[in-house]
There are 2 protein chains.
Amino acid sequence: MATIYEVSALAGVSLSSVSRVLNDHQHVSEKTKKKVMAAMQELGFRPNTVARSLASNRSNCIGILVDELHGPFYGTMLSAIETELRQAGKHTIVAAGHSNEQSEQEGIDFLIDRNCDALIMLVDALSNDYLIKLSNSKTPFTVLNRQIPELEGNCFYLNNELGGYLATKHLIDNGHKQIAYISGPLSKQDATDRFNGHQRALQEAKLDYNPALFFEGDFLIQSGRDGMNTLLKQKACFTALACANDEMAAGAMKATRDQGFNIPEDYSIIGFDNVFFTEYLYPQLSTVNFPIKDMAKMSSQWILKQVYKHKDIEITNLFQPTLIPRESVAKI
Amino acid sequence: MATIYEVSALAGVSLSSVSRVLNDHQHVSEKTKKKVMAAMQELGFRPNTVARSLASNRSNCIGILVDELHGPFYGTMLSAIETELRQAGKHTIVAAGHSNEQSEQEGIDFLIDRNCDALIMLVDALSNDYLIKLSNSKTPFTVLNRQIPELEGNCFYLNNELGGYLATKHLIDNGHKQIAYISGPLSKQDATDRFNGHQRALQEAKLDYNPALFFEGDFLIQSGRDGMNTLLKQKACFTALACANDEMAAGAMKATRDQGFNIPEDYSIIGFDNVFFTEYLYPQLSTVNFPIKDMAKMSSQWILKQVYKHKDIEITNLFQPTLIPRESVAKI
DNA sequence: GTGAAAGCGCTAACAG
DNA sequence: CTGTTAGCGCTTTCAC
């Protein structure tokens with residue numbers, strides 16, 4: 001593998017000149033630039049990224065830390081980030097935190113040690129305090145799906161409350177008056193925000209909130225099944241169900257059918273997130289779109305702008321959900 | 001950030017000694033080892049990975065190249081690889097090739113330039129020839145879901161023929177005699193292997209293969225819909241359908257119901273891959289398991305063994321599919 | 001067992 | 001606009 005050294009020799013210029021054209025510096029004459037380029041071409045020169053990192057203290061690597069690598073959400077996110085970053089010549093290093101505080105901290109260290117220029121995180125085990133402390137270190141980072149007031153500019157998040165509102169409103173607009181709700185773990189901000197939105201829609205329509213129609217799940221499919229089974233068993237009746245995410249909605253659909261009911265004839269169901277498999281379900285699940293792709297892209301752009309000084313990038317931190325009506329909600 | 005230099009000063013030993021304990025070399029006295037460790041602790045020393053890479057020409061990074069980062073398959077794979085590699089202290093750099101030959105080649109260059117110690121690839125646009133040529137370069141690699149005779153030891157693949165056989169056999173065992181088939185693009189090896197397995201099962205049961213009951217899809221959901229719609233329209237009748245992957249099976253289920261038929265009462269359907277959402281479908285999709293997780297793990301271990309000289313690792317290149325009977329296939 | 005010294009390939013002042 | 005000169009932080013011969 002040829003080095004910058006051999007290039008400089010062949011081109012008959014100094015090391016620095018080669019380095020300059022390599023880094024697109026201004027103040028290089030067209031002539032030497034041409035000579036250098038030709039020499040690089042001839043030698044099949046490929047710059048050694050590691051050496052560049054060491055000398056410049058820049059790795060051109062962005063670390064991505066997520067709870068899990070599998071699941072419908074993360075793939076979409078990774079894909080959007082990788083696409084955006086790679087076309088800017090940046091690499092993506094991934095690490096999973098497995099929703100475990102210690103493991104997530106290790107993941108961060110892992111990524112920082114690797115000299116990542118910046119981090120993108122979608123994690124929930126890490127405390128706000130930890131993240132705030134981290135913001136004083138030299139590695140800039142971005143946080144997805146989380147709003148931390150002290151770190152406002154670094155956070156890219158959804159108006160979850162509005163999403164929750166939209167979902168329940170859609171049910172109400174279809175004539176439903178008794179609406180059950182399966183939430184995510186209320187210890188998580190996004191879960192409570194969505195639930196608050198649900199309640200706001202109820203109030204707005206002057207519908208009473210009935211605690212018997214509430215079930216707290218954990219965002220996983222099984223809790224959707226458990227939730228719907230529980231709801232179906234209690235006495236208060238209802239005609240529609242809003243779930244705080246699509247996985248739980250899928251579980252609820254299963255439970256509903258296992259009990260011999262039809263969707264949406266007997267029960268209308270709406271999810272949240274609009275993950276790709278919602279279209280595969282039968283009936284196709286009505287849901288609320290979570291623009292994870294846009295958010296992932298935006299946070300990549302934030303890094304491009306902050307860390308690599310790209311210009312002309314408009315940053316938005318707050319994203320809006322939209323209703324995706326499909327087949328699982330019917331008029332009553 | 002403390003350097004090895006400060007550690008050596010504080011410990012009162014030379015640079016080399018510090019380096020030795022850092023790298024777990026033999027021939028270091030317990031005493032100096034202790035002193036060094038203490039000094040590191042005190043200074044909160046964290047070795048600079050980049051400098052180590054440059055000096056040792058080892059990055060402890062494994063590059064992963066996949067067609068796409070989203071989709072049900074890749075997440076599972078990435079997750080298994082990251083878990084396995086990270087606990088060995090290795091990092092994972094990902095790149096997507098977008099099923100485009102040039103883009104995949106760029107992905108490889110990208111990863112090699114980044115000084116990856118090895119590569120794991122799950123790609124289909126790259127030709128065997130290209131891969132064979134690549135095997136002469138200094139970066140070892142592994143190929144998933146693909147069998148290249150010249151690169152036998154580097155390939156980790158499924159017995160797709162057997163999988164195809166198992167699926168159709170399951171249909172036959174349930175009494176079906178007219179079985180339709182929606183294949184993947186026959187230009188791809190895995191698609192033809194699966195299809196061959198289908199035909200073998202037919203022959204074995206002395207059932208005639210009817211070309212009218214065949215549709216060539218592209219592994220995406222829409223082609224499953226198109227396929228089933230086409231099959232339903234032609235005159236030859238059938239009672240069961242085997243699909244070369246789960247996405248197409250999901251599409252076929254949709255088409256079946258859109259035409260007013262029930263699954264499995266009117267048509268039994270079986271998929272292939274056993275991706276996570278097959279359990280979310282209604283009815284739950286019977287399918288054939290593709291042990292992508294095991295394969296991903298095994299290929300990580302191959303790298304650990306070949307590149308990092310870990311011992312006691314048994315390598316298997318060929319994996320076996322298994323039948324996963326669920327609800328979408330009924331006796332006739 | 002330990003230390004000295006020479007790089008790994010490149011960037012970045014600093015002169016000119 | 002170009003060349004000289006130090007390093008970046010660590011590994012690795014090679015002596016001792």
Side-chain angles (χ1 to χ4, degrees), chain A residues 1-37 39-40 43-61 89 91 112-117 138-139 308-309, chain B residues 1-37 39-40 43-61 89 91 112-117 138-139 308-309:
Chain A
M1 197 84 275
T3 72
I4 201 181
Y5 220 78
E6 304 167 41
V7 174
S8 84
L10 183 61
V13 298
S14 74
L15 271 193
S16 349
S17 291
V18 179
S19 175
R20 284 192 193 98
V21 342
L22 204 53
N23 293 285
D24 246 341
H25 275 225
Q26 59 270 60
H27 308 312
V28 219
S29 73
E30 271 308 313
K31 219 176 79 189
T32 58
K33 192 166 177 178
K34 274 219 176 79
K35 281 194 291 186
V36 170
M37 302 275 248
M40 285 182 171
L43 293 167
F45 171 79
R46 305 271 287 282
N48 178 321
T49 352
V50 177
R52 297 179 87 171
S53 294
L54 182 59
S56 65
N57 201 22
R58 259 280 128 95
S59 68
N60 286 315
C61 269
H91 304 239
I112 290 183
D113 281 352
R114 184 74 223 166
N115 219 325
C116 286
D117 294 337
K138 77 174 219 302
T139 309
Y308 302 111
K309 309 303 176 198
Chain B
M1 197 83 277
T3 71
I4 202 182
Y5 220 79
E6 304 167 41
V7 174
S8 85
L10 183 60
V13 298
S14 74
L15 270 193
S16 345
S17 292
V18 179
S19 175
R20 284 191 192 98
V21 343
L22 204 54
N23 293 284
D24 246 342
H25 275 225
Q26 59 271 59
H27 307 311
V28 220
S29 72
E30 271 308 313
K31 218 177 80 190
T32 59
K33 192 167 177 177
K34 273 219 177 79
K35 280 194 293 187
V36 171
M37 301 276 247
M40 285 181 171
L43 293 167
F45 170 79
R46 306 268 290 280
N48 179 320
T49 352
V50 177
R52 296 180 88 170
S53 292
L54 182 60
S56 66
N57 201 24
R58 256 283 129 92
S59 68
N60 286 315
C61 269
H91 305 239
I112 290 183
D113 281 353
R114 185 74 223 165
N115 218 327
C116 287
D117 294 337
K138 76 173 219 302
T139 310
Y308 302 111
K309 308 304 175 196

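Throughout, a chain's letter reflects where its sequence line sits, starting with A, and its residues are numbered from 1.
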Nucleic acid footprint by protein, nucleotides 7-16 of chain C - heavy-atom cut-off 4.0 Å, B for base, S for sugar-phosphate alone: BBBBBBB---
When you compare the side chain of [Y] with that of [X], does any pair of heavy atoms fall below 4.5 Å?
| X | Y | value |
| --- | --- | --- |
| M40(A) | I4(A) | no |
| V7(B) | V36(B) | yes |
| N57(B) | N115(B) | yes |

Distance check, rounded to the nearest 0.5 Å: [X] atom [atom1] versus [Y] atom [atom2]?
| X | Y | atom1 | atom2 | result |
| --- | --- | --- | --- | --- |
| K35(A) | S29(A) | NZ | OG | 7.5 Å |
| R58(B) | Y308(B) | CZ | OH | 6.0 Å |
| L54(A) | N48(B) | CG | CG | 6.5 Å |
| D117(A) | K138(A) | CG | NZ | 8.5 Å |

R52(B) vs N23(B), side-chain hydrogen bond (donor to acceptor under 3.5 Å, both in side chains): CA-CA, chis, key distance, verdict: CA-CA 10 Å; R52(B) 296 180 88 170; N23(B) 293 284; 3.1 Å; yes
Step-by-step side chain to side chain contact (heavy atoms under 4.5 Å, CB included) determination, V18(B) to V13(B): CA-CA 7 Å; V18(B) 179; V13(B) 298; 3.9 Å; yes
Close approaches to DNA chain D from residues 27-34 of chain A, in residue order (heavy atom, under 4.0 Å): H27(A), V28(A), S29(A), T32(A)
Short side-chain N/O contact from S14(B) to OP1 or OP2 of dA4(C), under 4.0 Å: no
Any donor-acceptor N or O pair under 3.5 Å, side chains S16(A), S19(A): no
Nucleotide interval of DNA chain D bounded by contacts with chain B (heavy-atom cut-off, under 4.0 Å): dG9(D) to dT12(D)
